[in-house]
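The shown structure was predicted, so the numbers you read here are calculated from the model rather than taken from an experiment.
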Amino acid sequence: MLNLSSGNGGAYIRFLSQTQKWENSDKAVITLPLMVMDMESVRTGWLLLAVGQRDWVEDATVGVKGKQPAPEYKRGFSVKLFSKPTGVVEWCANQVGANKGFQAIFNECDKLANQHPGKVPIISYDGSTAVKIGAGNTSIPNFSLKNWVTRPAAFDADQANADFEEPAPVPAPAPVRQAAKPKPAPAPVQQDDEEMFN
């Protein structure tokens, strides 16, 4: 198996720290609904984001910092989120504010995960907080844990085929009624030899 599928069909969301808004992969500003977070999908690593450039170097183990590929790479994360309005989307970021916001909600969920086996957290975006970090300004997205639900099947579905609907089964053809076979003519009554020659 070559595993050439992109997995989530390229759908993503991103947090715009300067405007404190969310954008989807169509570059449209969206209101982030309640989202289900796939804890199993969380990855950490080094992320390079530049005009026309994106390179992700994943840590061998989540949270264990690998070697920085180059100075322009920043620490980042990747996670799959799901809601009915958005479907499965990836949130991948390396901004300081986004990292802080995601780390806070991940840590909260991770502490409680053992109490909810087989379930995943529902999180709510509760606005953001503008902060000054060093010489720059950023915003930290704030989240709260709302509930735990059974893991949606959408996380494990092949998103490349997410829009594919299996055709309805073709009904079996109706049995063909064969024309009634003509009844054989009754066999002639056997005559005694005496009658035949009289």
Cluster partners of Leu47, using ILVMFWY side-chain heavy atoms under 4.5 angstrom, listed by chain and number? Leu49, Trp56

Any chain of hydrophobic side-chain contacts (each under 4.5 Å) joining Ile140 to Phe15? no

So which pairs with a foot in residues 115-125 pass salt bridge (Lys or Arg N to Asp or Glu O under 4.0 Å), sequence neighbours left out? none

Kindly write out the residues that satisfy side chain to side chain contact (heavy atoms under 4.5 Å, CB included) with Pro152, not counting sequence neighbours, or none if the list is empty. Val36, Phe82, Val120, Phe155

Listed partners of Glu23 passing salt bridge (charged side-chain N to carboxylate O under 4.0 Å, His left out), at least two apart: Arg14

Can you run down the side chain to side chain donor-acceptor pair (under 3.5 Å) pairs that involve residues 24-36, sequence neighbours left out, and say none if there aren't any? Tyr12-Lys27

Which donor-acceptor pairs under 3.5 Å do the side chains of residues 122-138 make with protein atoms, sequence neighbours left out?
residue : atom : partner : partner atom : Å
Ser124  : OG   : Asp126  : OD1          : 2.8
Asp126  : OD2  : Ser144  : N            : 3.4
Asp126  : OD2  : Ser144  : OG           : 2.6
Ser128  : OG   : Gln20   : OE1          : 3.1
Thr129  : OG1  : Asn142  : ND2          : 3.0

Sequence neighbours excluded, the answer for salt bridge (charged side-chain N to carboxylate O under 4.0 Å, His left out) partners of Arg151 is Asp38, Glu40, Asp156

Between Phe77 and Trp91, how do the two ring planes meet: parallel, tilted or perpendicular, split at 30° and 60°? perpendicular

I'd like a table of donor-acceptor pairs (distance under 3.5 Å, sequence neighbours excluded) in which one partner is a side-chain atom from residues 96-111, with atom names and distances.
residue : atom : partner : partner atom : Å
Asn99   : ND2  : Arg75   : O            : 3.0
Asn107  : ND2  : Gln103  : O            : 3.3

Under the rule for side chain to side chain contact (heavy atoms under 4.5 Å, CB included), what residues qualify as partners of Pro69, not counting sequence neighbours? Trp46, Val57, Tyr73

Does Gln115 have any side chain to side chain contact (heavy atoms under 4.5 Å, CB included) partners at least two apart in sequence or in another chain, and if so, which? Leu112

Starting from Val29, walk the hydrophobic network (Ile, Leu, Val, Met, Phe, Trp, Tyr; side-chain heavy atoms closer than 4.5 Å) and list everyone else you reach, by chain and number. none

Kindly give the heavy-atom pair with the smallest separation between Asp59 and Gly63, and that separation in Å. OD2-N, 4.2 Å

Members sharing Leu16's hydrophobic cluster (side chains within less than 4.5 Å): none

